[in-house]
Amino acid sequence: MGFDGEYGPSTWEWVADQAAAYEASNGQQANTLRDTGLPIIVMTTVGHKTGLVRKVPLMKVEHEGIYAIVASKGGAVNHPGWYHNLLADPTVLIQDGPEPFETTVRLATGGERAEWWDRSVAAFSPYAEYQEKTDREIPLFLTETTA
Ligand code: F42
């Protein structure tokens, strides 16, 4: 199926709406988190149970061409569904502007995770509150360097 399979919109309407508006405008609109002015990206994964194409807006945390993908889900008790998709298949599309690019992601651990967690909180301070809210360690993936 891959990324050209059937699209499965988020069950959170505001999220599905943001992904749709971002894509329809080539990243020119709906590219911040509500009125915070903070930039977002859109990640595309393939549902590991359904095979559906899933589009996931995320806060933009980028450094030297590498993006952090923070599975915060607002500090929810469980990881977001897309976390399991990434474990099953680390190949994703990342859209940060007009054109998505394909890359793979890997879980960050140890010192590298700590460095990127600080970078993520600097970009979006609520991540720190989310981590306070939940006992799970919020997973942080990194994209491989873009080719
Ligand atoms: N979420 C974050 O975790 N981090 C962020 O930085 C972030 C920023 C952000 C900015 C703007 C915005 O609009 C949303 C933002 N979100 C952020 C929310 C994010 O886009 C996701 O909505 C959120 O992380 C929850 O992801 P989720 O995959 O749990 O989505 C739920 C709501 C959902 O749609 N679930 C689907 C459903 O039908 O219930 C299934 C999704 C899925 O991928 N299912 C898999 C499949 O096979 O199809 C199976 C997954 C499994 O559980 O095994």
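What you see is a predicted model, and the numbers here were worked out from it, not measured in a lab. The figures that follow rest on heavy atoms only: side chains count, while hydrogens, waters and symmetry mates do not.
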A.B. asks: Which atom pair, heavy atoms only, marks the closest approach of Phe3 to Thr91?
C.D. replies: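 Heavy atoms of Phe3 and Thr91 come nearest at CZ-O, 3.5 Å.
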
A.B. asks: Please list all pairs passing the salt bridge (Lys or Arg N to Asp or Glu O under 4.0 Å) test where one or both residues lie in residues 22-33, with sequence neighbours left out.
C.D. replies: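 Output for this query lists Glu23-Lys55.
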
A.B. asks: Do you know which two heavy atoms are closest between Asn85 and Gly47, and how far apart they sit?
C.D. replies: OD1-CA, 3.5 Å

A.B. asks: So which atom in Val61 and which in Ala123 form the shortest heavy-atom distance, rounded to 0.1 Å?
C.D. replies: CG2-CB, 3.9 Å

A.B. asks: Between Val46 and Gly51, which heavy-atom pair has the shortest distance, and what is it?
C.D. replies: CG1-O, 3.7 Å

A.B. asks: Looking at Ser120 and Leu140, what are the two nearest heavy atoms and their distance?
C.D. replies: OG-CD1, 3.7 Å

A.B. asks: Would a 4.5 Å heavy-atom cut-off, applied to side chains only, mark Val92 and Thr103 as touching?
C.D. replies: yes

A.B. asks: With sequence neighbours left out, write down each residue that passes side-chain contact (heavy atoms from CB on, under 4.5 Å) with Glu129, or none if nothing qualifies.
C.D. replies: Pro126

A.B. asks: Is a donor on one side and an acceptor on the other found under 3.5 Å between the side chain of Tyr22 and the backbone of Gly97?
C.D. replies: yes

A.B. asks: Using 0.5 Å steps for rounding, measure from the CH2 atom of Trp12 to the CD atom of Gln18.
C.D. replies: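 The CD atom of Gln18 is 13.0 Å from CH2 of Trp12, to the nearest 0.5 Å.
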
A.B. asks: Is the backbone of Gln28 close enough, under 3.5 Å, to the side chain of Asn31 for a donor and an acceptor to pair up by distance?
C.D. replies: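 It does hold such a pair.
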
A.B. asks: Would you call the rings of His63 and Trp116 parallel, tilted or perpendicular, where under 30° means parallel and over 60° means perpendicular?
C.D. replies: perpendicular

A.B. asks: For the residue pair Val105 and Thr143, establish whether any side-chain heavy-atom pair is separated by less than 4.5 Å.
C.D. replies: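 Val105 reaches Thr143 side chain to side chain.
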
A.B. asks: Any non-hydrogen side-chain atom of Asn78 less than 4.5 Å from a side-chain atom of Arg136?
C.D. replies: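 No - every pair of side-chain heavy atoms lies 4.5 Å or more apart.
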
A.B. asks: Out of curiosity, Tyr67 OH to Leu58 CG, how far, rounded to the nearest 0.5 Å?
C.D. replies: 12.0 Å

A.B. asks: Compare all side-chain heavy atoms of Ile69 with those of Ile94 and state whether any distance is below 4.5 angstrom.
C.D. replies: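 Touching, per the 4.5 Å side-chain cut-off.
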
A.B. asks: Going by heavy atoms in the side chains, are Met59 and Val70 under 4.5 Å from each other?
C.D. replies: no

A.B. asks: Atom CD in Glu137, atom NE2 in His79: separation rounded to 0.5 Å?
C.D. replies: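 The NE2 atom of His79 is 9.0 Å from CD of Glu137, to the nearest 0.5 Å.
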
A.B. asks: Taking it one step at a time, do Leu142 and Glu112 satisfy side chain to side chain contact (heavy atoms under 4.5 Å, CB included)?
C.D. replies: CA-CA 10 Å; Leu142 295 173; Glu112 186 182 42; 3.6 Å; yes

A.B. asks: Just so I know, are the side chains of Val53 and Thr44 near enough to count as touching, which here means a heavy-atom distance under 4.5 Å?
C.D. replies: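 They are in side-chain contact.
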
A.B. asks: Kindly indicate, with the supporting measurements, whether the criterion side chain to side chain contact (heavy atoms under 4.5 Å, CB included) is fulfilled by Lys60 and Ile40.
C.D. replies: CA-CA 5 Å; Lys60 176 175 176 178; Ile40 66 135; 5.8 Å; no

A.B. asks: Between the main-chain N or O of Glu62 and the side-chain N or O of Arg119, is there a donor-acceptor pair closer than 3.5 Å?
C.D. replies: no

A.B. asks: Would you mind reporting whether Leu107 and Leu87 have side-chain heavy atoms less than 4.5 Å apart?
C.D. replies: yes

A.B. asks: State, with a plain yes or no, whether a side-chain heavy atom of Ile138 is found less than 4.5 Å away from one of Tyr83.
C.D. replies: no

A.B. asks: How long is the gap from CZ on Phe141 to CZ on Arg113, to the nearest 0.5 Å?
C.D. replies: 11.0 Å

A.B. asks: Judged by atom type as modelled, is there a donor-acceptor pair below 3.5 Å linking the side chain of Gln95 to the main-chain atoms of Pro57?
C.D. replies: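 Flag not set: sc Gln95 to bb Pro57 has no pair under 3.5 Å.
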
A.B. asks: Minimum heavy-atom separation for Ala19 and Tyr7, please, with both atom names.
C.D. replies: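 Smallest interatomic distance, heavy atoms only, reads CB-OH, 4.4 Å.
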
